[in-house]
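Next up is a structure, given as structure tokens.
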There are 2 protein chains.
Amino acid sequence: MPATPTARWTDHAFAALSEHGHRAGGARTAVVEALGRRGGCVDADELVGALRRGGKRVGVASVYRALALLAELGVLQRVPVAGGSARYELVGPGGDHHHHLVCDDCGATAAFEDEALERAIGRLSRRTAYAVQAHDVTLHGTCPDCQRS
Amino acid sequence: MPATPTARWTDHAFAALSEHGHRAGGARTAVVEALGRRGGCVDADELVGALRRGGKRVGVASVYRALALLAELGVLQRVPVAGGSARYELVGPGGDHHHHLVCDDCGATAAFEDEALERAIGRLSRRTAYAVQAHDVTLHGTCPDCQRS
DNA sequence: GTTCCTGCAAAGGTTTTGCACCATA
DNA sequence: TATGGTGCAAAACCTTTGCAGGAAC
């Protein structure tokens with residue numbers, strides 16, 4: 001169950017932008033709104049497609065620039081994916097924390113959260129010589145749809 | 001404390017190759033030996049550089065092909081990295097299982113293993129609708145060296 | 001001798017950069 | 001109006017593919 005309504009995220013993102021003295025140009029605004037509408041886990045190309053289908057005349061470069069900026073502001077997280085284009089996903093105001101299941105057959109992704117996992121990682125983090133600030137966990141497998149076929 | 005001597009890995013890799021009916025050509029052999037010598041976490045470009053500095057005349061394509069094949073055989077694992085080239089790391093005979101700490105300042109990586117973490121992931125895996133076959137965990141932070149400066 | 005591996009070069013896809021124009025604050 | 005955002009096109013980047021020659025079995 002998604003805890004953060006995406007409308008909240010849109011506001012959060014715009015707030016982060018203006019807080020850091022960034023203007024709300026056409027492309028940037030369109031990107032934030034599209035992300036808010038679609039939810040997380042989009043790649044740049046899909047986003048460009050969605051925007052153009054929606055009648056916006058955005059340049060590819062502007063979309064990449066917007067995504068990079070939003071990631072830098074911490075309202076978006078870049079998720080590297082093997083052999084494809086990078087995906088981006090929303091980070092809510094509360095620092096909204098979850099991890100991913102990805103289907104190695106079709107590429108579908110699902111999110112999950114787990115208390116026990118977080119605790120294990122917390123304990124572990126305190127034991128290392130690194131100053132751990134973040135973590136991510138990805139489970140690979142086969143999604144229900146692909147298991148059927 | 002690395003549990004698997006790299007010399008072991010080299011043998012393991014060659015065994016996997018011949019078991020599956022693959023020949024040991026020049027480039028392939030050079031890649032396996034270089035990986036065995038360096039240990040894990042190399043990217044394709046570094047590997048080409050290392051080989052050429054060592055006097056081998058290998059083509060980039062052969063290195064990519066060798067890495068892809070070794071990954072397919074399960075003796076290498078491809079690790080997608082944000083904003084750079086993919087890295088590959090050794091998987092030992094025992095299915096050798098560990099995760100990574102990466103320094104967001106300098107890119108250094110360290111490996112760790114943790115029983116409690118594995119248990120938490122195991123329990124979690126059984127609860128999802130996906131058929132989970134693998135997982136990876138990455139902790140991001142600052143390494144001891146970068147904390148000093 | 002046949003099959004597979006190899007290097008080279010060219011193509012492919014994704015992301016970044018340069019630049020003139022335009023819009024925001 | 002000054003600054004920064006934008007689109008377009010070209011470049012840079014990593015990776016894959018095509019192909020003729022050569023090596024392994």
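Within every chain, numbering begins at 1; the chains are lettered A, B, ... in the order of the sequence lines, protein sequences first and strands thereafter.
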Whether A:His135 and A:His99 hold their rings parallel, tilted or perpendicular, with breakpoints at 30° and 60°: tilted
Between P of C:dC8 and CG of B:Leu51, the distance in whole Å: 13 Å
d(CG, B:Asp43; P, D:dT15) in whole Å: 7 Å
Protein-nucleotide distance (B:Lys56, atom NZ; D:dA23, atom P), rounded to Å: 15 Å
Cluster overlap B:Val79 with B:Leu70, hydrophobic side-chain contacts below 4.5 Å: no
Nearest-Å distance for atom pair CZ/C1', residues B:Arg87 and D:dT15: 16 Å
Shared hydrophobic cluster, A:Val137 / B:Val102 (ILVMFWY, side-chain heavy atoms < 4.5 Å): no
A:Tyr88 reachable from A:Val58 in the ILVMFWY side-chain graph, under 4.5 Å edges: yes
Positions of residues 16-29 of chain B (non-hydrogen atom under 4.0 Å from DNA chain C), listed by number: B:His22, B:Arg23, B:Gly25, B:Gly26, B:Ala27, B:Arg28
Strand-adjacent residues in residues 57-70 of chain A, judged by heavy atoms under 4.0 Å from DNA chain D: A:Arg57, A:Val58, A:Gly59, A:Ala61, A:Ser62, A:Arg65
Within one Ile-Leu-Val-Met-Phe-Trp-Tyr cluster: B:Phe14 and B:Val91, side-chain cutoff 4.5 Å: no
Length of the CZ-P vector between A:Arg78 and C:dT15, whole Å: 6 Å
Distance, rounded to the nearest Å, where B:Leu47 contributes CG and D:dC14 contributes P: 14 Å
Side-chain H-bond candidate by donor/acceptor type, B:Glu33 with B:Thr10, under 3.5 Å: no
Short side-chain donor-acceptor distance under 3.5 Å, A:His98 and A:Glu89: yes
B:His100 side chain to B:Asp136 side chain, donor-acceptor N/O pair below 3.5 angstrom: no
